[in-house]
Asks: 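The structure follows.
Just so it is clear, the structure is predicted and the values come from calculations on it, not from any experiment.
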Amino acid sequence: MKLLINGGCTLSGEIEVDASKNAFLPILASTVLLDGECCFTNYVNLTDLDCMREILGLLNIKSVLLGRELYIDTKHIENAKITHDLTQKVRASIFILGALLGRFRSAVIAYPGGCNIGARPIDIHIKSFKALGVRIVEKHGYIYCFGENLHSGEVFLDFPSVGATESLMMCGILLKGVTVIKNAAKEPEIVDLANFLNACGANVRGAGSDKIEIVGVESLHGVNYTVMPDRIVAGTYLLAVATCGGDVLVKNALAKHNESLLSFLKSACNLDVFSDRIRVKANKRPSSIEKIKTLPYPAFPTDLQPQMMVLQSISQGVCVLQENLFENRFGTAFELKKMGADITINSNLACIVGVEKLFGADVCVCDLRCGAALVIAGLKAEGYTSLSGVELIDRGYEAIEEKFAVLGAEIKRTEIE
Ligand code: EPZ
């Protein structure tokens, strides 16, 4: 499947941001912990979420989608081995480990997959569960967790891992006593997970800070819930307008979740920032941002690094972009160079010398955010761009071509390989 783009257009109109993939994934995994029914009011059609629903189905958790409303019923839940075919598709499958241990005190899961942006080890997850008394055997590509001695306690994360923070939080929900996570990740998706669990009757305090306390409770009940908007999708739209030019109102975009990006963008375009929407206007070639580093929240997010690389590749001047989270997340640069970008990679530094124009080319999507970045590059470039590997974009963006077509882009999906 491919996307075909006829570039050189500016973007104008209004666009609404959907629910956050990276909040929905741990929240869906956490339904393992509850007895009863949930209704999520703002489901978004992403293949990663569909995959998580398949994993829940393995556990006999029913999920029915009616329009945008997703109904979850956990009344007949049964523990089961989470197999390789599913964990290979989505990295977030590893979150289910904490939920299964919290609910059943045992779990068997194949090693997770995900994007090819780096090794993505799970040593912090494993070390944390061992610190809470879990016996772990890793063999033949599976992780066998025995939680008969699982207990609450204090865990210090060697690195503020988002997934490890979320998985540990879920593990502590039904444990007697207080589980404390120190050096916890502070991403907004972690706050949304805590908000969902507390709405179900849990007692989680400090989410969003580097110290999270989980006071164990007996059980959780179901709830109706609306998942937070996707800050990375919102940032992608803002960077697309800053790159291509135009005037767009991005609705359901929480400025407080993108302060780092907005601080960079204010020199490149006009921003009208409201509490839940942002209007972005760009009508001239921006100046390069001299230095950008990706770091854990609230600093500039690694998930917007490829999209920012595109903006810098057409800006005036030189930008040094440092990727500190993942060791193999510069795949976009090699594709952008086919379109005329001037980028030199040295270890985790990308030196980007801005060029006046990009030119359409046949490019290949190497991971989810690379795909979003190449769509922006194709919209900006002169002439036609074809993107292969579009299924990787569908993991985290619902019908990306339709969203940009509404803003005036000439873009369409074709089944022709
Ligand atoms: C989450 O991945 C997101 N995915 C990623 O988004 C995001 O890039 C990442 O957090 C960082 O913000 C989901 O939420 C589903 P980490 P996660 O554990 O939890 C190292 C996207 O495009 N590490 O915070 O896997 C790891 O290698 C995706 O939506 C260990 O060394 O990220 C990386 O260098 C891509 N050992 C760093 O920590 C571990 O046990 C951050 O990883 C765990 C992580």
Asks: Looking at residues at least two apart in the chain, or sitting in another chain, which of them share a salt bridge (charged side-chain N to carboxylate O under 4.0 Å, His left out) with Asp123?
Replies: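 Per chain and number, Asp123 pairs via salt bridge (charged side-chain N to carboxylate O under 4.0 Å, His left out) with no residue.
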Asks: For the backbone of Asn45 and the side chain of Glu398, can you confirm whether one donor and one acceptor N or O come within less than 3.5 Å of each other?
Replies: yes
Asks: Between Tyr384 and Phe359, is a ring pair (Phe, Tyr, Trp, His ring centres under 6.0 Å) present by the stated rule, with each step listed?
Replies: CA-CA 8 Å; Tyr384 283 90; Phe359 300 92; over 10 Å; no
Asks: Can you list the residues that meet the ring pair (Phe, Tyr, Trp, His ring centres under 6.0 Å) rule with Tyr237, with sequence neighbours excluded?
Replies: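 With sequence neighbours excluded, Tyr237 shows a ring pair (Phe, Tyr, Trp, His ring centres under 6.0 Å) to Phe404, given in chain and number order.
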Asks: Could you tell me whether Lys21 and Asp230 make a salt bridge, using a distance below 4.0 angstrom between a side-chain N and a carboxylate O?
Replies: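 A salt bridge is absent here (no side-chain N lies under 4.0 Å from a carboxylate O).
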Asks: With sequence neighbours excluded, tell me which residues meet salt bridge (charged side-chain N to carboxylate O under 4.0 Å, His left out) with Asp192.
Replies: none
Asks: Any donor-acceptor pair under 3.5 Å linking the side chain of Glu69 with the backbone of Asn42?
Replies: no
Asks: Do the rings of Phe40 and Phe196 sit parallel, tilted or perpendicular, given the 30° and 60° boundaries?
Replies: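 Tilted, since the angle between the ring planes falls between 30° and 60°.
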Asks: Report yes or no: do Thr294 and Glu323 form a side-chain donor-acceptor pair below 3.5 Å?
Replies: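 A pair is found: one side chain offers a donor N or O, the other an acceptor, under 3.5 Å apart.
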Asks: Can a side-chain donor-acceptor contact be found between Asn348 and Asn324 if the only test is distance below 3.5 angstrom?
Replies: yes
Asks: Mind checking what makes ring pair (Phe, Tyr, Trp, His ring centres under 6.0 Å) contact with Tyr43, not counting sequence neighbours?
Replies: Phe24
Asks: Applying side chain to side chain donor-acceptor pair (under 3.5 Å), can you list everything that pairs with Glu410, at least two apart in sequence or on another chain?
Replies: Asn6
Asks: What residues form a salt bridge (charged side-chain N to carboxylate O under 4.0 Å, His left out) with Asp85, not counting sequence neighbours?
Replies: none
Asks: Can a salt bridge be assigned to the pair Lys182 and Asp210 using a cut-off of 4.0 Å between side-chain N and carboxylate O?
Replies: no
Asks: Quick test of your reading of the model: are Lys75 and Glu37 salt-bridged, counting only N-O distances below 4.0 Å?
Replies: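 Yes, charged N to carboxylate O under 4.0 Å.
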